[in-house]
Structures are given as structure tokens and as C-alpha cells.
Amino acid sequence: MATPAVLGIDVGGSSIKAGLVNVAAGRVSGQLIAAPTPTPSTPPALIQVIGALGAQLPGALGRVGVAFPSVIKGGTAYTAANIDARWIGTDGAALAERTLGRPVLFLNDADAAGIAEMRFGSGRGCKGTVIMLTFGTGIGSALFTDGRLFPNTEFGHLEVAGRDAEKWASARVRTAESLDFPAWVARVNDYLAAMHRLFWPDVFILGGAVSERFQEFAPLLKSPAELRPAHFAGQAGVVGAALAAAETAA
Ligand code: BGC
């Protein structure tokens, strides 16, 4: 019998990725497809891309999971740090349901990535306090205690050295300011120290595309907590969104 495949979609600052996810195995089955995030990323423009990506991946079962870079409650976006401000107050789940013709779970992108890591990646079986951090256009966060998610934490907006942390230490800032790894990791270390003073996690999982180069910068990292690279890197949002959708009652 074919394993049920759930459609996962991850909305990022520069691209929107989609894939059918084997939720029993915790991996994308087949191809991960992507399209550029429209500019401006208004709700109608973005939903159109989500619909087009969904149409290219027929055969999905159950609810669709959409990972979104915003605080999400009951399908509605409440913030818009790296997405068009017209998303604030928009019921993204309802809009996506109309386009995709299937029930949709909308959730924060870092929460989705964290769910993928805790179920099938670097955090698998991890008890205690685990904080997943995604370094991309912004800094996303997901907080787990004994495997249970505390959603919408927004730790990327913690003030560090008088600045919004993600405006100082995200992967986008590293590229924009042409920071080499020692310069960027010095900022990341200050951020991890500020986080550790407040939350005392046992493990930080570091994700986002830059985590694929973890071995290069790992010797520079410092934290009293254990530091692990994300297992899924660029696919975490897609996999986690599908897993969360599959875990949500129909
Ligand atoms: C947003 C978060 C999001 C993170 C990563 C931040 O700017 O406020 O909701 O998880 O970026 O995309």
C-alpha cells in the first residue's frame, strides 16, 4: 500500500517551496518544487503562487500544511516582519483552503521546522528544553519542552546589544554586510548567550540554509548548551508543515 503523502508548503522571504511528504518516514517523497516569493508579497499574490505550486503536486491526502513567517493563531497572521504588512489580520488558512480546495493548517515557519527536527531530525527523542533557531531572511525560533511545542515564540526579535537580533545576526545580514564566519559567529554567540541567560535550554538546534555549512563555523560557536546542526536544513519547513497538518484532526 502506498504511504499517504501530505502536501507541505514553506513560505520564505525569497522563495516558496512545496513537496509531498511521506509523513510516516518524515521525508519529502519525490521532488521539492519552488517558486520565487512575489514582490510585493500581498495575500492575493502569494496565495496565487501557493495554488500554482499545489496544482503541480496532485495526489496529496488530508490537510495541507503551510509554514508562514509570522505569528499564526487560528490560521490568521498577526505579524509581518519579512512579508507584506497586508498579511496582518489575514486568515491565510481560509484563503489557501479556497485556492487548494483542501483543509489547510497555517503555522509559523520556525515552529514547522522545529517539529520536523524533533520528530525526525536532530532533536529526535530529545527531552528537556530544546530551542530551534532558523537563520534566514530573519531569525525564527521554536521552543520545545520534552518534545512539546510552545508556539509563536518570536525569539528572533529579542533585543541584543540594543538591536533586534534578526537585524544583526540573521543569514541575510551576514550576506548583506559581507561578514565572514568569525564576524558573523561573534554576533550569533552574543545572541545565543542572551537566549541562554533567559531560557537555559539543554540544546540549541541551528537551522536555515547556512546550517549546511555548520562544520565550517562550528569551532567558532560558544554556548553552555549543546549545539546541533539541523538535519533538514532547507526542507525543514515543508516537512514540518506536512507533519503538523497530519497531526491535526481532520
Ligand atoms: C518572524 C517570525 C519568523 C522568522 C523566520 C521573523 O521575522 O517574525 O515569525 O518565524 O522571521 O522566518
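Position 1 is the first residue of the sequence; numbering continues from there. Order of listing sets the numbers, starting from 1, for every ligand and every atom in it.
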Hydrophobic cluster membership, L100 vs V23, 4.5 Å side-chain cutoff: no
heavy-atom search around atom 3 (C) of ligand 1 in the protein gives D109 OD1, 3.3 Å
Would you say S141 has any N or O atom under 3.5 Å from an N or O of ligand 1, going by distance alone? no
With atoms numbered from 1 as shown, which atoms in ligand 1 lie under 4.0 angstrom from a non-hydrogen atom of [X]?
| X | answer |
| --- | --- |
| A81 | 7 (O), 8 (O) |
| N108 | 2 (C), 3 (C), 9 (O), 10 (O) |
| G140 | 4 (C), 5 (C), 10 (O) |

Can a donor-acceptor pair be found, under 3.5 Å and without considering hydrogens, that links the side chain of [X] to the backbone of [Y]?
| X | Y | answer |
| --- | --- | --- |
| D146 | G128 | yes |
| R228 | S122 | yes |
| E97 | R102 | no |

Ligand 1 contact by T137, heavy-atom criterion under 4.0 angstrom: no
Which of these, H157, E154, E166, has its nearest heavy atom closest to atom 11 (O) of ligand 1? E166
Which segment of S70 sits under 4.0 Å of ligand 1 when only heavy atoms are counted: backbone
Crowded around E177 CD? As in, over 12 foreign heavy atoms under 6.0 Å? yes
Does W87 have its ring centroid less than 6.0 Å away from the ring centroid of Y78? no
